[in-house]
Amino acid sequence: MAVAGRLMTRRVMGKLAFFTLADETGPIQLYIDKASLEAAHPHNPDVFSQITSLTDAGDWIGVHGTLKRTDRGELSVKVSDWRMLSKSLQPLPDKWHGLADVEKRYRQRYLDLIVSPHTRETFRRRALLVSTMRRWLDDREFLEIETPVLQSEAGGADARPFATHHNALDLPLTLRIATELHLKRLVVGGFERVYELGRIFRNEGISTRHNPEFTSVEIYQAYADYHDMMVLTETLIATCCQAVCGTTEIEYQGTAIDLTPPWTRATMHELVQRATGLDFTTRAEAAAAMAAQELLVPEAADSVGRLLVEAFEQRVETSLIQPTFVLDYPVENSPLARTHRSKPGLVERFELFIVGRETANAFSELIDPVDQRRRLEAQQERRRAGDPEAQTVDEDFLHALEVGMPPTGGLGIGIDRLVMLLTDSPSIRDVIAFPLLRPEGRPEVGSDAMG
RNA sequence: GGGUCGCUAGCUCAGCGGUAGAGCAUUCGGCUUUUAACCGAUUGGUCCUGAGUUCGAAUCUCAGGCGACCCA
């Protein structure tokens with residue numbers, strides 16, 4: 001038989017040697033016996049000293065041989081021939097401790113992957129999750145269509161974009177912060193089920209839950225509303241969990257999480273009321289009541305709706321450990337969601353929380369171009385007043401709505417956070433192969449320090 | 001943005017005012033059933049950077065860099 005792989009450990013004892021050879025499927029021991037190896041190479045009496053002295057841990061080698069069980073019972077390949085496939089010029093990390101330095105793990109992920117089976121498993125699971133999700137959507141006639149990453153105006157979310165520039169057109173461009181507005185244009189164009197799973201970019205801070213580029217899937221389904229999207233969300237995520245973990249009852253950082261549908265549904269109003277006893281009727285009343293409970297009352301929260309969200313974020317969000325759909329957000333915070341069919345001041349929107357983290361966001365989409373214009377103009381007004389994350393008016397998008405969009409349910413899921421959940425990873429950097437880090441080394445002397 | 005902690009050999013770490021250290025890895029020698037092999041020897045350093053205190057700084061102080069965690 002023939003095997004190839006990376007040499008991980010070497011134990012040479014006189015006329016007998018044991019190597020551990022690893023390929024993607026795992027390790028196998030090589031049994032190298034001087035007498036038998038020389039018998040197979042009558043014209044090369046140095047063959048044993050060559051294999052034991054020319055190889056290092058880290059080298060890629062290929063061997064021929066026969067299967068054998070050693071006296072200690074380990075399945076091994078008794079080597080009859082070998083060849084160097086690729087020489088490693090750098091030593092491997094400590095074979096026992098591995099790479100303990102987390103910074104090095106992220107900066108030199110290739111080393112982390114070589115020595116940490118757990119890291120390899122995380123990225124296998126990530127790939128499995130993504131492929132399972134695509135297959136599930138494809139099986140249900142959702143069409144994946146790629147929309148532009150480079151945009152004149154970033155829209156579809158409250159976030160700051162990265163700025164770039166097209167040379168030939170001398171055109172300032174931004175990287176997308178969401179795929180929403182283009183996918184909706186496709187629904188206007190007649191595609192009733194569309195999605196895009198891909199990278200989006202937000203120019204904001206880095207933390208254990210934020211990387212400036214991350215992966216989302218946005219899904220749009222005509223003739224559906226946010227209730228339909230809840231069923232879709234719990235079914236899709238439970239399917240992915242089953243595929244990746246083999247069960248829908250998992251553990252995250254020591255806490256049992258049950259992803260078996262159906263999941264809890266509760267309105268934001270109910271949850272805040274339950275947690276604080278507060279009812280929100282007017283802004284002034286709510287502010288006073290919140291202050292009395294030692295909740296922060298930011299000035300930017302200039303309406304009863306924004307205060308409700310504040311109270312939710314301060315008192316409820318992190319307590320939503322089991323999967324929970326939070327329903328019916330204030331209209332002020334949701335410029336792209338359809339107004340609620342029966343509750344004034346609210347929109348038909350939900351966010352999904354798992355282990356206290358926002359994992360998905362969905363609406364009955366706003367399809368009324370008049371209302372949409374009014375809401376985007378209100379956003380633009382906030383932007384002028386100094387909120388850099390407020391949205392802008394995308395005239396072409398409004399034009400598309402004027403052409404006519406069918407009633408549609410839309411959903412966005414953060415893939416990285418879902419992978420964290422399903423791989424029991426505490427940091428988003430553990431599920432992104434090459435997370436953004438500051439460059440190493442000293443800043444250049446003389447570079448102008450603006451700001 | 002604030003706080004705490006970390007940065008010493010390729011890797012994992014000790015040293016915490018008085019000659020820069022260990023284990024593994026490297027290199028050399030020995031060894032035919034090892035599996036963190038073992039035994040003997042060898043090699044390897046901008047102690048993150050800079051300034052200060054001191055007779056003397058990896059060690060104390062200040063500033064900076066990079067990272068981790070927590071908080072906002």
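Everything numeric in this text was worked out from a predicted model, so none of it was measured. Sequence lines set the chain letters: A, B, ... in the order given, protein chains first and strands last, and positions in each chain run from 1.
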Starting from [atom2] on [N], measure out to [atom1] on [X] and report it in whole angstrom.
X: A/M13; N: B/rG29; atom1: CE; atom2: C1'; result: 16 Å
X: A/L89; N: B/rU27; atom1: CG; atom2: C1'; result: 16 Å
X: A/E103; N: B/rC7; atom1: CD; atom2: C1'; result: 9 Å
X: A/Q29; N: B/rA37; atom1: CD; atom2: P; result: 11 Å
X: A/K68; N: B/rU33; atom1: NZ; atom2: P; result: 11 Å
X: A/F18; N: B/rC38; atom1: CZ; atom2: P; result: 15 Å
X: A/R10; N: B/rC31; atom1: CZ; atom2: P; result: 16 Å
X: A/M8; N: B/rA37; atom1: CE; atom2: P; result: 12 Å

Separation between the [atom1] atoms of [N] and [M], rounded to whole Å:
N: B/rU42; M: B/rA22; atom1: P; answer: 11 Å
N: B/rA41; M: B/rC47; atom1: P; answer: 28 Å
N: B/rU43; M: B/rC7; atom1: P; answer: 27 Å
N: B/rA9; M: B/rC48; atom1: C1'; answer: 15 Å
N: B/rA25; M: B/rC11; atom1: P; answer: 15 Å
N: B/rU46; M: B/rC5; atom1: C1'; answer: 24 Å
N: B/rA57; M: B/rG18; atom1: P; answer: 11 Å
N: B/rA36; M: B/rA51; atom1: P; answer: 48 Å

I'd like to know whether CD of A/E251 has more than 12 heavy-atom contacts from other residues, nucleotides or ligands below 6.0 angstrom.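 Yes.
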
Does CZ belonging to A/R199 count more than 12 external heavy atoms closer than 6.0 Å?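 No - once you tally the heavy atoms of other residues, nucleotides and ligands closer than 6.0 Å, there are 12 at most.
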
Which part of the nucleic acid, if any, lies within contact of [X], taking any heavy atom under 4.0 Å across all strands shown: a base, the sugar-phosphate backbone alone, or nothing?
X: A/T208; result: sugar-phosphate
X: A/A17; result: nothing
X: A/V12; result: base

Main-chain N/O of [Y] paired to [X] side chain as donor or acceptor, under 3.5 Å:
X: A/R10; Y: A/T52; result: yes
X: A/T392; Y: A/Q380; result: no
X: A/T324; Y: A/L320; result: no
X: A/Q151; Y: A/P148; result: yes

Can you give me the closest heavy-atom contact between A/E317 and A/F353, atom names plus distance?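 Taking A/E317 first and A/F353 second, the nearest heavy atoms are CG-CE2, 3.1 Å.
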
Heavy atoms only: give me the nearest A/T208-A/R429 pair and the separation to one decimal.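 In this case the closest contact between A/T208 and A/R429 is N-NH2, 4.1 Å.
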
From B/rA37, B/rA72, B/rU32, nucleotide with atom closest to A/R11 side chain: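 Selected nucleotide: B/rA37.
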
Measure from the side-chain heavy atoms of A/Y31 and tell me the nearest of B/rU32, B/rA37, B/rC66.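 Selected nucleotide (nearest to the side chain): B/rU32.
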
For RNA chain B, whose closest nucleotide is more 5', that of A/G14 or that of A/W96?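 Per heavy-atom nearest nucleotide, the more 5' residue is A/G14.
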
Would you kindly compare A/L16 and A/T9 by the position of their nearest RNA chain B nucleotide and give the one closer to the 5′ end?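 Nearest nucleotide further toward 5': that of A/L16.
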
If we call it a pair only when both distances are under 3.5 Å in a Watson-Crick or G-U wobble match, what pairs with [N]?
N: B/rG56; result: none
N: B/rU61; result: B/rA51
N: B/rC5; result: B/rG67
N: B/rG21; result: B/rC13
N: B/rG44; result: none

Looking only at the side chains, is there a donor atom on one of A/Y110 and A/Q108 sitting less than 3.5 Å from an acceptor on the other?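 Present: a donor and an acceptor within the cut-off.
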
Side-chain touch [X]/[Y], heavy atoms, less than 4.5 angstrom:
X: A/I415; Y: A/V130; value: yes
X: A/I177; Y: A/F201; value: no
X: A/R338; Y: A/Y226; value: no

Lys/Arg cation over aromatic A/F434: A/R109, 6.0 Å, 45° cone: no

Hey, does the Lys NZ or Arg CZ of A/K78 hover above the aromatic six-ring of A/Y31, less than 6.0 Å from the centre and inside 45° of the axis?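 No, A/K78 does not lie over the aromatic ring of A/Y31.
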
Among residues 421-438 of chain A, which contact RNA chain B at a heavy-atom distance under 4.0 Å?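 Going residue by residue through residues 421-438 of chain A, the ones with a heavy atom under 4.0 Å of RNA chain B turn out to be A/R429, A/L437, A/R438.
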
If you take any heavy atom closer than 4.0 Å to RNA chain B, which residues from residues 42-61 of chain A end up in contact? A/D56

So which protein nitrogen or oxygen atoms get under 3.5 Å of nucleotides 8-12 of chain B's nitrogens or oxygens?
unit_1 : atom_1 : unit_2 : atom_2 : d
B/rC11 : OP1    : A/K104 : NZ     : 2.8
B/rC11 : O2'    : A/D94  : N      : 2.8
B/rC11 : O2'    : A/G98  : O      : 3.4
B/rC11 : O2     : A/D94  : OD2    : 3.1
B/rU12 : OP1    : A/A100 : N      : 3.1
B/rU12 : OP1    : A/D101 : N      : 3.2
B/rU12 : O2'    : A/H97  : NE2    : 3.4

